[in-house]
There are 2 protein chains.
Amino acid sequence: MPTTPPAPRWRRRSDARPQELLDAALETFVERGYAATNMDEIARRAGVSKGTLYLYYPGKAELLKAVVRQSLLGNLAEAQTLASAHSGTFRELLNYFLGEFTRRISRTNISGIPKLILAESGNFPEIAQFYFDEVIQRARKLITDILRQGIACGEFRPVDPDYAWRMIVAPLVLGVLWKHTFQPFEPDGLDFDRYLDCQLDMLAHGLVASEVPVGRNTP
Amino acid sequence: MPTTPPAPRWRRRSDARPQELLDAALETFVERGYAATNMDEIARRAGVSKGTLYLYYPGKAELLKAVVRQSLLGNLAEAQTLASAHSGTFRELLNYFLGEFTRRISRTNISGIPKLILAESGNFPEIAQFYFDEVIQRARKLITDILRQGIACGEFRPVDPDYAWRMIVAPLVLGVLWKHTFQPFEPDGLDFDRYLDCQLDMLAHGLVASEVPVGRNTP
DNA sequence: GTTAATTAACTAACCAGTCAGTTATATATG
DNA sequence: CATATATAACTGACTGGTTAGTTAATTAAC
């Protein structure tokens, strides 16, 4: 009786491994947090032994950095090219960004990264600094630019852009954190479509100049 | 030559200790996160040995719970009595809450608790559930009630209270997280007064019905 | 057969929690 | 008031378990 050749205990996948390992690491870090995640678990999820993990990434901290960089850099570049190529009103542009962001929150689990950064900012000032410089500062510039231009051309009320940008971002941040923290406790989860509608509605009627504010602008 | 009696190596402070230990624990947990905090460090900050710490709290997890409970319960009760005793418009009440909250964010370091909860929700479902039930649900009810009443009496635009409450809370949450995460990286820190002004301005003009919305409400 | 990829067993460090012993303070006694 | 005794508060060295990181042996692949 011819025995079928036994399946090999493992396969060489040196090209696919890095991404597989990053995926497993992201998943585990987001679920458990940095400190409570152990390298054996990440390796196990990637279907690999711990030694292999160390073959591709020199340590736990470096692995975290790789995860963060890899997850964010693509989206950042994309947002920036989109902004520079826009036509139409600034309100439309803003709405588009918020919509796209919300859509991605609800689908991918890259949305776990901000929570991870927050949680570990004290222990990884280097990562926090990276996130501050590369993500937050860019987002700030993107939005304050839109606000300033919109105000200049009379589309928006004259708010303080250096503070107002946070009001725009805040619901997005809250949404992300909610999804990865309290979603499990809610019987019926957050409806991101309604969430977005509500935000756009409230945001617009706080920004749009055509509504004739009540006695505030007295030029 | 009369030798001055040597200062005692330690003093008995059985009544003050519990609070001192909680303070040190809050500070350390907020700064480092739960897992990266070690009991020796907390004891050291409280000026005490690790053994003493275990005399007052049975373990690390229990210490965290004690910190959270102790920090929140007082403020919660206060908010609720305030709400039930209000007179004046609902907009004033809302503004008062936001102002009071913002003022406390900028002063105390209880504001580190939400960050702590977020970071450890995965590892301490029990604490996350406690926070969800006792803090979030109460805040939600408080705000949605105000919104509903305000809408009913025509003071506010007819927004969706079940989602709009998050838009109100979001900037507060962002402020808290910012303070404990990115404040160190900013040359000039967040000005919480301007922050509040900006929020109230944008919030009001998204909520106040007298502004005659642009073609949305078609009764 | 050679080599690169992978494994699994190992080491070294760290830390939560314990406990036998020490010291400050309160109380009793003369 | 001085001194002895009792006890509550506190210390710090130790233990057991966990885990980041290493390495010698093994296996797939060409």
Side-chain angles (χ1 to χ4, degrees), chain A residues 3-25 28-29 31-67 116 120 122-124 126-127, chain B residues 2-26 28-29 31-67 116 120 122-124 126-127:
Chain A
T3 56
T4 52
R9 289 209 292 141
W10 48 266
R11 294 187 177 281
R12 308 171 80 175
R13 302 173 51 81
S14 50
D15 48 347
R17 286 276 186 249
Q19 189 57 53
E20 291 172 357
L21 294 174
L22 285 182
D23 289 345
T28 317
F29 281 141
E31 200 170 294
R32 297 262 231 276
Y34 178 81
T37 292
N38 56 337
M39 297 294 267
D40 275 310
E41 166 95 14
I42 295 175
R44 199 181 53 69
R45 291 205 200 193
V48 129
S49 79
K50 191 167 61 164
T52 301
L53 185 49
Y54 276 91
L55 219 55
Y56 288 91
Y57 298 97
K60 194 180 180 183
E62 285 304 319
L63 181 55
L64 175 60
K65 288 187 210 166
V67 166
L116 199 50
E120 298 301 333
N123 303 111
F124 293 89
E126 198 190 342
I127 291 186
Chain B
T3 56
T4 51
R9 289 207 293 135
W10 45 266
R11 294 187 176 283
R12 309 172 91 184
R13 302 173 51 79
S14 54
D15 47 348
R17 286 278 187 247
Q19 189 58 51
E20 290 171 357
L21 294 173
L22 285 183
D23 289 345
L26 172 61
T28 317
F29 281 140
E31 202 169 293
R32 296 261 231 276
Y34 178 81
T37 292
N38 57 334
M39 298 293 268
D40 274 308
E41 167 95 13
I42 295 176
R44 196 181 56 68
R45 291 203 199 196
V48 127
S49 79
K50 192 165 63 164
T52 301
L53 188 47
Y54 278 90
L55 286 178
Y56 288 92
Y57 299 97
K60 194 179 178 182
E62 286 304 320
L63 180 56
L64 175 61
K65 288 186 211 166
V67 166
L116 198 50
E120 298 302 332
N123 304 110
F124 292 87
E126 196 189 341
I127 291 185

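We use all heavy atoms of the structure for the numbers below, so side chains are in, but hydrogens, waters and symmetry mates are not. Chain letters run A, B, ... following the sequence lines, proteins first, then strands; residues in each count from 1.
B/Arg11 places its CZ atom 14 Å from the C1' atom of D/dC10, with the value rounded to the nearest Å. What separates CZ of A/Arg44 from C1' of C/dT6 is a distance of 18 Å, to the nearest Å. As rounded to whole Å, 11 Å separates atom C1' of C/dT18 from atom CG of B/Leu55. Nucleotide D/dA20 holds its P atom 11 Å from the CD atom of A/Glu41, rounded to whole Å. Note: CD (A/Glu62) to P (D/dA20) measures 15 Å, nearest angstrom. We find that CG of B/Leu53 is positioned 15 Å from P of D/dA9, with the value rounded to whole Å.
Partner of B/Ile127 under the side chain to side chain contact (heavy atoms under 4.5 Å, CB included) criterion, out of B/Leu64, B/Leu116, B/Val67: B/Leu64 alone.
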Could you run down the sub-3.5 Å N/O contacts of the protein with nucleotides 10-16 of chain C?
residue, atom, partner, partner atom, Å
C/dA16, OP1, B/Thr37, O, 3.1
C/dA16, OP1, B/Lys60, NZ, 3.3
C/dA16, OP2, B/Met39, N, 2.9
C/dA16, N7, B/Lys50, NZ, 3.1

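Taken from CZ in A/Arg32 to CD in A/Glu41, the straight-line distance is 4.5 Å, to the nearest 0.5 Å.
Between B/Phe124 and B/Tyr34, the ring planes lie perpendicular to each other; the angle is over 60°, past the 30° to 60° tilted range.
Within 4.0 Å of B/Tyr56, counting heavy atoms only, lie sugar-phosphate atoms of the nucleic acid but no base atom.
At the phosphate of D/dC10, neither OP1 nor OP2 sits under 4.0 Å from any side-chain N or O atom of B/Thr52.
Across all non-hydrogen atoms, the minimal contact from B/Tyr54 to B/Gly59 is CE2-CA, 3.9 Å.
Residues A/Glu31 and A/Arg45 are paired through a salt bridge, judged by an N-O separation under 4.0 Å between the basic side chain and the carboxylate.
When atom types are taken as modelled, the side chain of A/Tyr56 and the backbone of A/Gln19 share no donor-acceptor pair closer than 3.5 angstrom.
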